[in-house]
Asker: 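The structure is given below, and queries will be raised subsequently.
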Amino acid sequence: MRADLFCRVVDNYGDIGVCWRLARRLAQGPGWRMRLWVDDLHAFARIQPGIDPAAARQQLAGVDIIHWQDEASSTLPAPGDVVIEAFACDPPAEFIDAMRALAAESARGEGVAPIWINLEYLSAEDWVEGFHTMPSQRADGLVKYFFFPGFTPATGGLLREPGLAAERDALQASRESQSDFLRGLGVDAAALAAHRRGARVLSLFCYPRAPTDALAQTMRHRPESTLILVPEGIAPGLDELAGDALRIARVPFVAQPDFDRLLWCADLNFVRGEDSFVRAAWAARPLVWQIYPQHGGTHLEKLDAWLARYPAPETARALARAWNQAPGDQGTATPDLPQALEAALTEPVWGAWQAAAHAWDAELASGPDLADKLATFCAEMLKTR
Ligand code: TRH
């Protein structure tokens, strides 16, 4: 199966983060020949060492990567068997023209029209199941299928590589291996010593509006020691809030497999957006998700839809709500972050949250992942052509 995956980087890293993971998963799992079109190679290079932001074309991890430049070019390669546009990014007009020509040939029995997929953003909302794989008939005769990631068997599922749990469990079973990994990221001796002495480890990947000062202040005053791992550029003012019981360790942006390992080393992961959120679920550890903020507070409805599915104690859900409230947000009364954090980190809530995180990972891992579901869907659609 040959596939074209189009990715337009809106902002941050999640658009390319999801697309890069999908491209590699389809290449390495179902064995598709993947062509990944990316408009912003700089964001890509930030999360994937080895990407050359100046290259018009390059190969990495078995994926053919094309710098998607909007200038019209008549030399576009012919569309693959499957064309995936991520997050409704609209492929180039000339490419759609070529798809239409293939559809016309197919109608004359002379070829096979590509399957056109629109990969949607992840949502936990109930309506997603009803729209997953729905066709959208265009005026030009082409049909586009909506493919919705999700948390239930009636959705497209979530990206998950085979063997992930075994690799995770091996690292989580050895504090020494975790220490070696963190040292490899440049975590200093004092922080590593705190880690070896059993400090509670948090990872922090959030948007600027997150109440990170309240987080640091709360952790500073707890009886146990805490180590917070923070990627460079995130929560810039946090380092000044370190104290006796709280150490802040800055880590570089790393490739996605190492970002997974960072999450696996933490007892509690503060994540954001879409892809790091899912990867924190795969860490099988407690997580606090900061959803991508949207105007009018619609993101809080999406947050609540997910919280309704998250089997953690109510205290942990209150903490997630507090983490996502910003000054002046409408909606439910803002739970007090320090109070919610204290309660969530204290037994028996903390132990119940840890058990729930483990069970949720196992539940979500039980079915086929998004790449396998997409491959099955496209194979079935091609049979009908
Ligand atoms: O960067 P994000 O905020 O991206 C967001 C979301 O995708 C959101 O859905 C979208 O609407 C918005 O962009 C435009 O968060 P996310 O989704 O977690 O993507 C971050 C990616 O960066 C993820 O794939 C993990 C990766 N990453 C690394 O690979 N290494 C790192 O060191 C870090 C910090 C992140």
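The model shown is predicted, which means the values in this text are computed figures rather than measured ones. Counting starts at 1 for both ligands and their atoms, following the listed order.
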Asker: According to salt bridge (charged side-chain N to carboxylate O under 4.0 Å, His left out), who are the partners of R183, at least two apart in sequence or on a separate chain?
Answerer: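 D180.
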Asker: On the six-membered ring of W116, is R138 placed so that its NZ or CZ lies under 6.0 angstrom from the centre and within 45° of the ring axis?
Answerer: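 No, a cation-pi geometry is absent between R138 and W116.
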Asker: What residues, two or more places apart in sequence or in another chain, satisfy side-chain contact (heavy atoms from CB on, under 4.5 Å) together with R2?
Answerer: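 side-chain contact (heavy atoms from CB on, under 4.5 Å) list for R2, sorted by chain: R33, D81.
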Asker: Are any protein N/O atoms closer than 3.5 Å to the N/O atoms of ligand 1? If there are, list each pair with names and the distance to one decimal place.
Answerer:
unit_1: ligand 1; atom_1: 1 (O); unit_2: Y13; atom_2: N; d: 2.9
unit_1: ligand 1; atom_1: 1 (O); unit_2: G14; atom_2: N; d: 3.4
unit_1: ligand 1; atom_1: 1 (O); unit_2: R272; atom_2: NH2; d: 3.1
unit_1: ligand 1; atom_1: 3 (O); unit_2: Y207; atom_2: OH; d: 2.6
unit_1: ligand 1; atom_1: 3 (O); unit_2: R272; atom_2: NE; d: 2.8
unit_1: ligand 1; atom_1: 3 (O); unit_2: R272; atom_2: NH2; d: 3.4
unit_1: ligand 1; atom_1: 4 (O); unit_2: G14; atom_2: N; d: 2.8
unit_1: ligand 1; atom_1: 17 (O); unit_2: E274; atom_2: N; d: 2.8
unit_1: ligand 1; atom_1: 17 (O); unit_2: D275; atom_2: N; d: 2.9
unit_1: ligand 1; atom_1: 18 (O); unit_2: R272; atom_2: O; d: 3.3
unit_1: ligand 1; atom_1: 18 (O); unit_2: S276; atom_2: N; d: 2.8
unit_1: ligand 1; atom_1: 18 (O); unit_2: S276; atom_2: OG; d: 2.7
unit_1: ligand 1; atom_1: 19 (O); unit_2: G14; atom_2: N; d: 3.3
unit_1: ligand 1; atom_1: 24 (O); unit_2: Q256; atom_2: NE2; d: 3.1
unit_1: ligand 1; atom_1: 24 (O); unit_2: D275; atom_2: OD2; d: 2.6
unit_1: ligand 1; atom_1: 29 (O); unit_2: V254; atom_2: O; d: 3.3
unit_1: ligand 1; atom_1: 30 (N); unit_2: V254; atom_2: O; d: 2.6
unit_1: ligand 1; atom_1: 32 (O); unit_2: V254; atom_2: N; d: 2.9

Asker: Under the salt bridge (Lys or Arg N to Asp or Glu O under 4.0 Å) definition, can you give me all pairs with a residue in residues 148-162, not counting sequence neighbours?
Answerer: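 Salt bridge (Lys or Arg N to Asp or Glu O under 4.0 Å) check on residues 148-162 returns R21-E161, R160-D361, E161-R279.
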Asker: Before accepting this row, confirm whether a basic side-chain N of the pair R309/D126 lies closer than 4.0 Å to the acidic partner's carboxylate O.
Answerer: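 Judged by the 4.0 Å cut-off on N to carboxylate O distance, R309 and D126 do form a salt bridge.
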Asker: Once you measure the plane-to-plane angle for F95 and F6, does it fall in the parallel (<30°), tilted (30-60°) or perpendicular (>60°) bin?
Answerer: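 Taking F6 first and then F95, their aromatic rings stand perpendicular (interplane angle over 60°).
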